[in-house]
Amino acid sequence: DEAITALTKAVQISPTSAPTYYLLGQAHLQKNLYEQAVGYYHKALELDPNNLSTIRNAATYSYALGRVDDAISLGEFSLARDPVNPSAYFNLTHHYTVAGLHDKAIASAKAALKLSPGMPGANYYMGESLLRMGQPERALEVLSAETDDEWRVKGTALALYELGRTEEFE
């Protein structure tokens, strides 16, 4: 690909250019080469550890590669630099839920909702954590407040199933 070739040459010319490594990661991402993209994002972070776009992309695609612990570390790193970003809390909510860190997932979802009331998906992941913690009644209450129709229907169905109330599915 021409973009990858050109950016590879640019890295050879200026091997300390964090933006060039970031762009090389983006170029690989466009080709669905996640492993390589994440490698370039990490190299960009070595050179410029405070670039929030690079941190977020590295976290997102680390998660896509199944590296949940890496995604959590990067998400927490991002949040430390941008503590009023509801999307950063939301992404961590998802990662914490998958990792089984349910108390952290719930706290992160609440923070996302405080910063962005009605944020789609936040109640869903909070409810999913509550279900995994064996709290279906509380989960149903939280899931019923989900603003995204698809996630609300899916979540409430899961909670109702756990409660043995399958006749109430939407």
Side-chain angles (χ1 to χ4, degrees), residues 22 25-42 45 51-170:
Y22 174 81
Q26 291 292 91
H28 281 82
L29 183 62
Q30 296 302 316
K31 298 285 186 184
N32 295 320
L33 300 170
Y34 298 146
E35 188 78 40
Q36 293 90 332
V38 168
Y40 287 116
Y41 293 145
H42 277 281
L45 286 174
N51 186 302
L52 292 174
S53 293
T54 305
I55 296 166
R56 288 185 196 118
N57 279 352
T60 297
Y61 294 101
S62 290
Y63 176 80
L65 291 168
R67 300 178 190 157
V68 178
D69 290 341
D70 190 32
I72 288 171
S73 294
L74 287 162
E76 290 172 344
F77 187 73
S78 171
L79 196 57
R81 279 143 188 78
D82 189 8
V84 293
N85 184 331
S87 294
Y89 283 103
F90 175 78
N91 291 338
L92 271 173
T93 298
H94 178 140
H95 302 328
Y96 287 146
T97 301
V98 170
L101 302 171
H102 301 302
D103 289 332
K104 285 185 172 190
I106 291 166
S108 191
K110 286 179 179 179
L113 289 166
K114 183 177 181 182
L115 292 168
S116 181
M119 177 175 234
N123 279 310
Y124 175 82
Y125 285 114
M126 189 182 341
E128 185 177 334
S129 281
L130 289 166
L131 283 172
R132 291 182 185 194
M133 294 170 73
Q135 299 177 34
E137 286 287 347
R138 190 164 164 227
L140 181 59
E141 181 181 324
V142 168
L143 290 162
S144 295
E146 173 57 51
T147 58
D148 181 90
D149 290 340
E150 184 178 340
W151 284 359
R152 185 183 63 256
V153 170
K154 179 175 140 181
T156 56
L158 290 170
L160 289 168
Y161 177 82
E162 288 296 317
L163 291 165
R165 295 167 44 189
T166 55
E167 71 284 350
E168 296 178 48
F169 288 173
E170 285 188 44

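What you see is a predicted model; the values in this text were computed from it and never measured.
- His95 and Asp70 share no side-chain donor-acceptor pair at under 3.5 Å.
- Checked against the 6.0 Å centroid criterion, the rings of Phe90 and Tyr125 qualify as a close aromatic pair.
- Using a 4.5 Å cut-off on side-chain heavy atoms (C-beta onward), Val38 and Asn57 make no contact.
- Under a 3.5 Å cut-off, the side chain of Ser62 and the backbone N or O of Ala71 do not form any donor-acceptor pair.
- Look at Lys154 and Asp148 and you find no salt bridge, because none of the NZ, NE, NH1 or NH2 atoms lies under 4.0 Å from a carboxylate O.
- Taking the six-membered ring for Trp and the full ring otherwise, Tyr22 and Tyr40 have centroids separated by 6.0 Å or more.
- Between the CG atom of Leu115 and the OG atom of Ser87 there is a distance of 10.0 Å, given to the nearest 0.5 Å.
- The two atoms that bring Ala105 and Ser129 nearest to each other are CB-OG, 3.3 Å, heavy atoms only.
- Between Met133 and His102 the shortest heavy-atom distance is SD-CB, 3.4 Å.
- Using a 4.0 Å cut-off between charged nitrogen and carboxylate oxygen, Glu141 and Arg138 do not count as a salt-bridge pair.
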Audit row: Lys114, Tyr89, side chain to side chain contact (heavy atoms under 4.5 Å, CB included) steps and yes/no: CA-CA 10 Å; Lys114 183 177 181 182; Tyr89 283 103; over 6 Å; no
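- Proximity of Arg81 to Ile55: side-chain heavy atoms (C-beta onward) are separated by under 4.5 Å at one or more points.
- No donor-acceptor distance shorter than 3.5 angstrom exists from the side chain of Glu162 to the backbone of Pro136, with no hydrogens or angles considered.
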Before giving the answer on side chain to side chain contact (heavy atoms under 4.5 Å, CB included), spell out for Leu29 and Tyr41 the whole-Å C-alpha distance, their side-chain angles and the decisive distance to 0.1 Å. CA-CA 10 Å; Leu29 183 62; Tyr41 293 145; 3.5 Å; yes
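- Using a 4.5 Å heavy-atom cutoff, the side chains of Leu143 and Asn123 are not in contact.
- When all heavy atoms of Ala80 and Pro83 are compared, the pair lying nearest together is O-CD, 4.2 Å.
- In terms of heavy atoms, Ser116 sits closest to Pro86 at CB-CB, 3.7 Å.
- Figure legend: Arg165 and Tyr161 shown without cation-pi pairing, the cationic atom not lying both under 6.0 angstrom from the six-membered ring centre and within 45 degrees of its axis.
- Within the 4.5 Å cutoff, the side chain of Leu113 has heavy atoms near those of the Met126 side chain.
- A perpendicular orientation is assigned to the rings of His94 and Tyr63, their planes being inclined by more than 60° (bins at 30° and 60°).
- The two atoms that bring Asn51 and Leu45 nearest to each other are O-CD2, 4.1 Å, heavy atoms only.
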